[in-house]
Structures are given as C-alpha cells and as structure tokens.
2 protein chains.
Amino acid sequence: MENIGKILVVDDEADILEFISYNLKKEGYEVYTAPNGKEALPIAKKIKPDLILLDVMMPVMDGIETCKRIKADTDFDQTYVVFLTARSEDYSEIEGLDAGADDYIAKPIKPKVLVTRLNAILRRKIKEMAAPSIKVKDLLIDRESFLIYRGDQKIQLARKEFELLFLLASKPGKVFTRENILEKVWGDEVLVVDRTIDVHIRKIREKLGDEYIGTVKGVGYKFEI
Amino acid sequence: MENIGKILVVDDEADILEFISYNLKKEGYEVYTAPNGKEALPIAKKIKPDLILLDVMMPVMDGIETCKRIKADTDFDQTYVVFLTARSEDYSEIEGLDAGADDYIAKPIKPKVLVTRLNAILRRKIKEMAAPSIKVKDLLIDRESFLIYRGDQKIQLARKEFELLFLLASKPGKVFTRENILEKVWGDEVLVVDRTIDVHIRKIREKLGDEYIGTVKGVGYKFEI
DNA sequence: CCTTATTGTTATCTAATTGTTAATCGGTTT
DNA sequence: AAACCGATTAACAATTAGATAACAATAAGG
C-alpha cells in the first residue's frame, strides 16, 4: 500500500501504543510513538506528522496541555490533533474542544473505528491541500468552478463524476483499481457496488468523449496520456 | 488555518500577554507582543498590524498616550485600536474615546469574548477595505449606496441579500460552499440553518433574474461568468 | 407602540444525481 | 463453437439536494 500519511501516537501505556501502532501500520501509515506530551513535542517538531493521536490522560504532560502547545505553534498549522478519551472522562470533550482538537475517539478503541475515522480525517486534509485545478491534454479540470474547460467550451459534470475524473486526472497514466477509486471518491464509510463506478465512467465518457478514460481489463481505469 | 490578520498585543503583564497571545494564535492570527507603549510603537511601524490590542494601564507609556500617537500617525490609518480596561477604570472609556480607540474589552478577559469581538472587528475592517463596488456582467454592485445598477435601472437588495451577492460576485465563477458563505456573510457568532442561504439566493434571483447565480449541486453557489 | 421590512425556519415538491440490475458485447480460452 | 470473463450499456429505482411557498421571529423605522 502506498504511503498515505505520518501519524504520531502519544500514550503512556505501552500496550495501547503498540496496539494502535500495529493497526495503523497495517493500514499503510507511517507511525511514530511517544510516551507523553513532553517527549512528543520534539518528535513532532522533527517529523511534522499529518496527524497526532493524543491520549488525554498522561503523566508528565497531559493531552490537553500538549494540544494547546501544538496548536499555538505555527509549525503545526497543517497538523490535525485527535484525542483519545476514556468514555467516562467526557468533561475532556469540553476542555479538548477549547484546546483546539479536531476530533475525538473514545476508548476502548476498536481498530475498525480508529482506522475509519483517521482515514476520513486525513482524506479531508488531502483534499483541502489539493491543487485547485489540473491541466491535462486539452482539458482544464477546475475545482474552483467545478467545471471542465475544453478550449472555450465549458462542460458541467455532476459532483461524483467530477471527483472521479479529478482523481484519475491527478495522475494521468496511472491505473486506479476500483478499490482505489471507491476509497478516494466515496470514502470507506459508504458502500457501493463496483458496477457503480463503471456507470459513472460511462457518464463521463458520454459528456467528454471516449478518448480520456481508458479501461485496463481486470485492473481498473486510468486517464489516458 | 488561513492567515486572517496581524495583531499586536501590548500589556506589561507577561501572563496576560501569553494568555491572549495563545488564544489569538489558536484562532489563526499572526500575533506580536510588546510590554509597553514605548516599545510597541516601533514594532507597530515595522509590522503594520491590522489591530492593536492595548492595555490602558502600563508603565513607561500608557495606553491612552500610545493610542493618541498611533492615531496621529497616518501610517496607521488602517489600524484598529482596541483597549483592554479593568472594569473599575471606567473613566478611561471617556479618555479612550477621546484618544480615538475603536473598541473596548473589559478585564477579566474571557477567551471566547476576546476572539469573537476581534473577529467581528476585523471582519468589519476587511469589508470596509474591500473594493467599494464590483462590476460584473451588466451589473454594478455598489457598496456605497447598497444598490445594484443594471444600465439605468436601480435594484434595491436587502442587506443580507446584498452581502451575499457581493461575496459571490467578488470571485465570479468560484463556487462558494454554504460553509464558506455562512462564515463570510453571517460570521461565526451567528448560527443559522443551511436552508436560509437557499432562501436568500432565491430572493436575489427573484429581484435580479436567474442568470446571475448558479447552483452546483452538492457543493454550493457561484456567480456565473 | 405599532407597522413594516427583513431575516430565518419549516415542510413540501421537483428534478437531478446516484446507485442497481440485467441484458449484451467483445475478446479469450477451452 | 461454446463457455467464460469482465466491461459496456440501457433502463430503471432510490436517494438526495435544492427550489419554493408559507409562515414565524426579529429588527427597524415611524
């Protein structure tokens, strides 16, 4: 699996650290760990993680304090912070929000929930940072206006169609498997059947012509160079 | 987080300085500090802050005096000054007004209040500095008179309708999400439901015709080029 | 204080988008 | 040539988002 992001996990219990770490690595994340807030900060400074997963209750420096320091540091403008909170400590939700956390995950942690939530958060992040427009062949695919320009012709695609084309066009020539596409365009919360993608591909071809999207039988689709 | 403005905070108490600084940075402001009026002036000269947050009671050079000097300097035409005043020192309100302050915040400071007030002030500032009128298609959208001119026809929009149209027209073609619109037109203190935007869009379309504002389903609205 | 205009909410209707299914096609394999 | 495979395509169904109208709350002006 490709490299999809760096995550720093901070928790004082070695078991939990390993459990989370294992599950995230399996997912393809680059995982770093720290046993408390104090040690976490310099590590974070160095590796610039995309996301920091922070236990609220820790010795030395707790999650709230760590989060505050992270959010106060402009180096971490691009870093998401997610709290791990025991369900009983729901007071932390208030404090945590105040400290600037971006999301919460309640303990006990289920691997599926963990991975799903983090995927969702990081996908959002990637989208926000994505280039607003792509130029390929004679097309300009423009996120600002959600239009495809071909010469002075404007072509309007439906939202999903647009996202799908945008994905393929973001790496012309690369074959995206249906699994890929599903994950990136639909997100893993949603469950749709494979054929749905084919149908959307067809709609795009109808609107743009057949010359842009190629089929690689048994593998997936790609934007033709 | 985007860069939304530069703020210079001037106070002789290091604790307060840090407290304010932290809360404003969290909000995305670029924050500078100074311990008194005398030191504040050269810093202000250099960084040209959008807003100066000024404690009234300070050694070396107090807030009133500092404010007078700032307001006397044409370099700071564009700079807002907000006083921090202890509730008991209400006399300062008179003096402060006299010195040309734009607003007051009473100590003890609550982070929410601080941030909300400054956001409001700076939003107002941004609006005031924005181009007073926009020409798009056959429309002249004029802030001075809050009127829309089409040829020699004058069209009157309600305030919110005007602001909304003005926003969309400020970047013709760009799609604004409802979230975008809410933030820019309503501001984050107010909470209104998404449909409200739709209704305002409809009102604008009623008054101007359907050809100006386009809908991008699942995304938002845009001013049609 | 009353009236009116503005602003905001809600429920219903409509149309576009999105998703499913199944028949069909074209190429490959046996 | 028959069976097989995955992709294409058309037709249809489900879902969702937005338009709209009618109404309620709030603010502004006389």
Side-chain angles (χ1 to χ4, degrees), chain A residues 145-148 154-168 175-224, chain B residues 120 127 145-148 154-168 175-224:
Chain A
S145 59
F146 273 84
L147 285 174
I148 316 294
K154 289 188 232 173
I155 302 159
Q156 174 104 0
L157 297 190
R159 167 115 184 256
K160 278 271 148 68
E161 291 160 22
F162 185 92
E163 297 287 1
L164 178 43
L165 179 68
F166 197 87
L167 173 67
L168 297 182
V175 181
F176 291 80
T177 65
R178 289 190 171 69
E179 207 185 343
N180 276 174
I181 294 172
L182 237 67
E183 191 189 316
K184 293 275 169 60
V185 176
W186 273 261
D188 37 26
E189 323 74 78
V190 193
L191 195 65
V192 290
V193 100
D194 273 14
R195 300 286 108 211
T196 303
I197 294 169
D198 305 23
V199 174
H200 277 92
I201 293 282
R202 171 148 175 290
K203 293 254 181 72
I204 297 171
R205 284 175 176 159
E206 256 176 16
K207 291 182 185 173
L208 293 182
D210 289 348
E211 64 266 42
Y212 300 102
I213 297 178
T215 305
V216 181
K217 274 210 165 194
V219 189
Y221 294 99
K222 64 174 171 178
F223 194 98
E224 296 287 359
Chain B
K127 239 176 223 169
S145 59
F146 272 77
L147 283 174
I148 317 294
K154 286 189 229 172
I155 303 158
Q156 174 98 27
L157 296 190
R159 171 90 183 275
K160 276 274 148 67
E161 290 160 21
F162 185 91
E163 296 288 358
L164 178 44
L165 179 68
F166 196 86
L167 174 66
L168 296 182
V175 179
F176 291 79
T177 64
R178 289 190 171 69
E179 211 183 339
N180 278 173
I181 294 173
L182 237 63
E183 190 188 317
K184 293 275 169 59
V185 175
W186 272 261
D188 38 26
E189 10 7 306
V190 193
L191 194 66
V192 290
V193 99
D194 273 13
R195 301 283 105 214
T196 302
I197 294 169
D198 305 23
V199 174
H200 277 91
I201 293 282
R202 170 146 177 292
K203 294 256 181 71
I204 297 171
R205 284 175 176 160
E206 256 176 16
K207 291 182 185 172
L208 292 181
D210 290 348
E211 65 266 41
Y212 300 102
I213 297 178
T215 304
V216 180
K217 272 210 164 192
V219 190
Y221 294 99
K222 64 176 168 180
F223 194 98
E224 294 288 359

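Note on naming: letters A, B, ... go to the chains in the order of the sequence lines (proteins, then strands), and numbering restarts at 1 for each one. Bear in mind that the values here come from a model prediction, so they are computed numbers and not experimental data.
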- Message: So, does B:Arg205 get its side chain near the phosphate of D:dA19, meaning an N or O under 4.0 Å from OP1 or OP2?
- Response: yes
- Note on the structure: In whole angstroms, the gap separating P of C:dT17 from CG of A:Leu164 amounts to 15 Å
- Roughly, in whole Å, what's the span from NZ in B:Lys160 to C1' in D:dA27? 11 Å
- Phosphate-side-chain proximity, B:Thr215 and D:dG18, N/O vs OP1/OP2 below 4.0 Å: no
- Message: Does C:dG19 have its OP1 or OP2 closer than 4.0 Å to a side-chain nitrogen or oxygen of A:Trp186?
- Response: yes
- Name the residue closer to the 5' end of DNA chain C, choosing between A:Leu157 and A:Val199 according to the nucleotide with the nearest heavy atom. A:Leu157
- Message: Can you see if the side chain of B:Arg178 gets near the phosphate of D:dG18 - specifically, an N or O under 4.0 Å from OP1 or OP2?
- Response: yes
- Query: Between A:Thr196 and C:dT18, is there a side-chain N or O to OP1/OP2 distance below 4.0 Å?
  - Reply: no
- Message: On the nucleotide D:dA21, are OP1 or OP2 found under 4.0 Å from the side-chain N or O atoms that B:Arg202 carries?
- Response: yes
- Query: According to the interplanar angle, ranging from 0 to 90°, do the rings of B:Tyr212 and B:Phe223 count as parallel (below 30°), tilted (30 to 60°) or perpendicular (above 60°)?
  - Reply: tilted
- Could you tell me whether B:Arg205 and B:Glu211 have a side-chain N and a carboxylate O separated by less than 4.0 Å? no
- Message: Base, sugar-phosphate or nothing for B:Lys217? Non-hydrogen atoms, less than 4.0 Å.
- Response: base
- Query: Are any of B:Tyr221's side-chain N or O atoms less than 4.0 Å away from OP1 or OP2 of D:dA19?
  - Reply: yes
- Would you call the rings of B:His200 and B:Trp186 parallel, tilted or perpendicular, where under 30° means parallel and over 60° means perpendicular? perpendicular
